[in-house]
Amino acid sequence: MKRFPMMLQLMLILICVMAIPTAILTWYSGTQIVGYSEDAIADTSLEGLIANRELNENALSNLAQDAVQLAGTNIFDRIRSFRTYSALNSDYSDVSSALRILNELASLNHRVDGVYSTYFLLDEADYVVSTDRGITTLDRYEPVDWMENALAGRRGIGGVWYPRQLQSGMQVVSYVLPLNRLSTTTRGTIVVNLKESQIAGYLKSSEPGSEGFMLLKSDGTVISHNDKSLLLTDGNKQPFIKQILSKGKREGYAYHVLNGERLLYTWSRSEQLGWWNVNIYSMDQLMTKTYNLQKSIIFITGVIIIAGTILAVLLATWLSQPVRRLVRMMRERSNHGGTNKNELAFLESAFRRMQEEEEGLHTLLQEREQDTRSLSIHQLLRGEVKKQIAEMFPEPYYTVAVVSIDRYRRYVSKNNPETRSFHRYLLLSKCESLFPEGLHARGIYQGDGCFVFVINFGQEEMDNDLQRIKATLVQIRDTALDLLGHSVTTGVSGRTEFRESIPGRVAEATDAIKQRMIKGSGCIFYWKPDDDRGKKYMYPTNSERRIVNFLERADLGSILKELDRIRSDIHADANVSYDNILFIYNQLLGVTIRHLRENNISTSRIFSGRGNIYSAIASTDTLDELENNLRDFFTEIVQHLERSTGEANHGERIIRYLEEHFRKEIVFEEMAKEIGISYSYMRKIVYELTGKSLIDYMNQLRIEKAKQLLIESKMTITQIASEVGYYNVQSFNRFFRKYEGMPPSSYKTSRSKSS
């Protein structure tokens, strides 16, 4: 964006502010309209299905009531006694009675539209009275054996509706009504055949988008369908029908996708008949008007966005004109570069550069001043007095404080160089600010965890016995502990009035710090003149001899007690010096290492990874740390000696075991348990003693024994193989060739010739 002109950026911002909310609103409103339209269409389609179902139910109910009314008359009693067609035709009056029944059946046909035929079948009679064939015999009429299946599920005295196909191919829904025994003694059945097309006419929806309809029995059999080939088939096999019927809801609707087309299924179940009415609609056709409305909204939104874009261009041009004029003037009068940047990026870059230049200049001045002061302090510590010293230290008296980080090697191991550099900066700046007014102090870092502070003070501080300096040094100690996470020990030199004697004061402060060897770390030590410099060093010669004797017996407990005795002697000598203490322990190290080498004990194996023990002793701050190092030192030696003795004993047992049992199959894990060591440790001991693995050493024993038997005995090669522990000759030959470079037979031949 920094490369685009500001006017273009403003234009894009204005367009986004207007276009994005408009587009989101359009999308949201369109989605809501579609959603509401789908629900409204589905509700309307379901209501239409319910209305068609009720219309069909009313028509069927009226037809059933007319049939029941006809059955309730005594008109059928007139032919009750005639069981045969010939008996009925024997008398004209009997035929007239049958014709009157035929007229009543024909009248029943005309009461409801769509009735194909109606007939009456007298029980056990061989004829039928029908509106389509007249009075005729059963063998000349269509079969009536289907009635048994139709009436199988009948409940009560009412009739049943049964879908079927006539011999003529006509699809009908027959109403089968046996005569009621309560109203007449005549036994027979009235059958009314209603055309399936008439039911289809009731059910077919006139709404746009209608894809089909179906009327199903409660078991799923298709009663009516727009596809006539599916009549009387299992409707559950049609897409989604089984899923709809299994829901158990009396009525409802659902959306399904079939062959990429979104369809609306509505269904309603008849309370009277138990039939399922299902209508199917194409949502794409039903939603045509909604989609057209959505497109119109999108078009209007597009027009609004285009008009807003033009307005945004005009506003952006007008708003950016003052800024563009300012940038053009700055580019002409300055050399800030950035010609390929836009106006806002150019101004940001120009102001940032000016700010950086100002900050850089200020930092440079501070660094120059700080570097000048630090250089002057370094020169002062070397005894060189420059003019700046008089400006920094105007008072007559001086003292030096050296702040040393305790356990410096541990501090270095826990902090990386960047962190340590940051700590030095914080400590120097913080500590210099702790000195109160009237005390002039400057500090520098001298290396190896030591900070040197040159403190300048006047006569008033001298008269108060340096109370403010002492209080400040306590604050410095506490501050260093917080900043570094390590304690510090401070050494304070004597006082002087001469700047040239500052290096001597640094030496005094450094010498004072050595007192932490005995008195402990984290303290403030003040230098005092040493009156006993001519006193001889103490050295515990007897302890040295005893420690060497204890080493020969690997008696760690006695060695540690002797170290405690040496430490007690050091504490008992009030005048022992730091150098004397280091001399004592360095001598102990030297005598011990010399003793180990004289006894051919490898010190490199004992102290591998420990580092230089002498350097560790020299960098120790306190007597406690120094003694801990010595304790670890002697502990490692004794453990190594015990380990070596144990390995020698275990090695002798392992070799003896292998030499006694190599003829057998040895389970090495069990062997290790029997000896009392781990399997891995046993492997290590064998390798160190023989330079071979367990397997190789055992096979070598076997081959050596086999060589002896090949020369001295008359045993066959198979017998020798079994004798030395091989269960087959092939394994014996393979290992013999591996170790001797030839098969056993060749070895025996060559030895026989040489002898």
Side-chain angles (χ1 to χ4, degrees), residues 359-360 362-384 386 388-389 392-393 398-436 439-456 469-493 502-503 505-516 521-525 527 615-616 618-622 625:
E359 292 176 353
H362 179 69
T363 303
L364 181 61
L365 291 174
Q366 285 186 330
E367 290 178 352
R368 290 291 178 86
E369 184 179 357
Q370 182 66 30
D371 290 343
T372 301
R373 288 201 303 265
S374 298
L375 179 60
S376 300
I377 296 298
H378 278 290
Q379 291 173 340
L380 178 63
L381 297 181
R382 294 197 301 266
E384 302 176 12
K386 301 296 183 180
Q388 291 86 352
I389 295 298
M392 289 188 291
F393 302 124
Y398 297 88
T399 189
V400 174
V402 175
V403 178
S404 175
I405 300 176
D406 297 326
R407 299 178 299 282
Y408 181 64
R409 295 181 65 180
R410 184 183 302 176
Y411 165 77
V412 170
S413 66
K414 293 172 58 178
N415 298 279
N416 56 43
E418 292 77 11
T419 303
R420 298 199 300 270
S421 177
F422 180 64
H423 284 172
R424 291 196 295 268
Y425 167 76
L426 282 181
L427 187 61
L428 287 172
S429 59
K430 183 70 174 176
C431 291
E432 286 182 357
S433 64
L434 292 177
F435 286 94
L439 297 179
H440 306 278
R442 292 290 184 270
I444 60 169
Y445 181 67
Q446 208 174 28
D448 293 332
C450 289
F451 300 84
V452 179
F453 291 90
V454 178
I455 306 171
N456 179 232
I469 294 178
K470 293 177 181 179
T472 304
L473 292 177
V474 172
Q475 291 181 337
I476 290 175
R477 180 190 63 187
D478 298 339
T479 301
L481 180 62
D482 293 337
L483 292 177
L484 306 178
H486 275 258
S487 62
V488 296
T489 297
T490 305
V492 185
S493 71
I502 293 297
R505 304 290 82 76
V506 175
E508 292 174 357
T510 304
D511 191 57
I513 290 178
K514 294 179 180 179
Q515 298 180 51
R516 70 179 165 188
S521 57
C523 301
I524 301 176
F525 300 110
W527 178 84
S615 298
S619 62
T620 303
D621 291 340
T622 64
E625 296 176 43

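Rounding to the nearest 0.5 Å gives a distance of 11.0 Å between CG of L439 and OG1 of T399. A distance of 11.0 Å separates CG of D478 from OG of S487, quoted to the nearest 0.5 Å. The distance from the CD atom of E508 to the OG1 atom of T510 is 10.0 Å, given to the nearest 0.5 Å. Note that OG of S404 is 3.5 Å distant from CZ of R516, once rounded to the nearest 0.5 Å. Expressed to the nearest 0.5 Å, how far NE2 of H486 lies from NE2 of H423 amounts to 9.5 Å. Here the straight-line distance linking atom CD1 of I513 with atom CG of D406 works out to 9.0 Å at 0.5 Å rounding.
Partners of K414 by salt bridge (charged side-chain N to carboxylate O under 4.0 Å, His left out), not counting sequence neighbours: none found. Scanning for salt bridge (charged side-chain N to carboxylate O under 4.0 Å, His left out) contacts around R407 gives an empty result, with sequence neighbours left out. With sequence neighbours left out, the side-chain contact (heavy atoms from CB on, under 4.5 Å) criterion links N416 to E418, T419. Every residue meeting the side-chain contact (heavy atoms from CB on, under 4.5 Å) condition with L426, not counting sequence neighbours, appears here in chain and number order: F422, L483. With sequence neighbours excluded, no residue forms a side-chain contact (heavy atoms from CB on, under 4.5 Å) with P503.
Not one N or O on the side chain of T472 forms a donor-acceptor pair closer than 3.5 Å with the backbone of F435. In terms of modelled atom types and a separation under 3.5 Å, the side chain of E432 and the main chain of G443 share a donor-acceptor contact.
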May I have the list of side-chain donor-acceptor pairs in residues 444-451 shorter than 3.5 Å, sequence neighbours left out?
{"residue": "Y445", "atom": "OH", "partner": "Y408", "partner atom": "OH", "Å": "3.3"}
{"residue": "Y445", "atom": "OH", "partner": "D448", "partner atom": "N", "Å": "3.4"}
{"residue": "Y445", "atom": "OH", "partner": "G449", "partner atom": "N", "Å": "2.9"}

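Between V488 and L481 there is no side-chain heavy-atom pair separated by less than 4.5 Å. Side chains of L473 and I476 form a contact here, defined as non-hydrogen atoms less than 4.5 Å apart. Here the side chains of F453 and R442 are not in contact, with every heavy-atom distance at 4.5 Å or above. Within the 4.5 Å cutoff, no side-chain heavy atoms of W527 are placed close to those of R505. V506 places none of its side-chain heavy atoms less than 4.5 Å from the side chain of S493. Side-chain contact between C523 and Q515 is absent, with no heavy atoms from C-beta onward closer than 4.5 Å. Annotation: side chain of Y398 is not in contact with side chain of I455 (no heavy-atom distance under 4.5 Å). In this structure the side chain of T490 never reaches within 4.5 angstrom of the side chain of V402, judged on heavy atoms.
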Checklist entry - When you look at K514 and D511, which way does the side chain to side chain contact (heavy atoms under 4.5 Å, CB included) test go after all the steps? => result CA-CA 6 Å; K514 294 179 180 179; D511 191 57; 3.7 Å; yes
Item to check | ring-ring contact (aromatic ring centres under 6.0 Å, His included) evaluation trace for H440 with F393 | outcome: CA-CA 6 Å; H440 306 278; F393 302 124; 7.6 Å; no
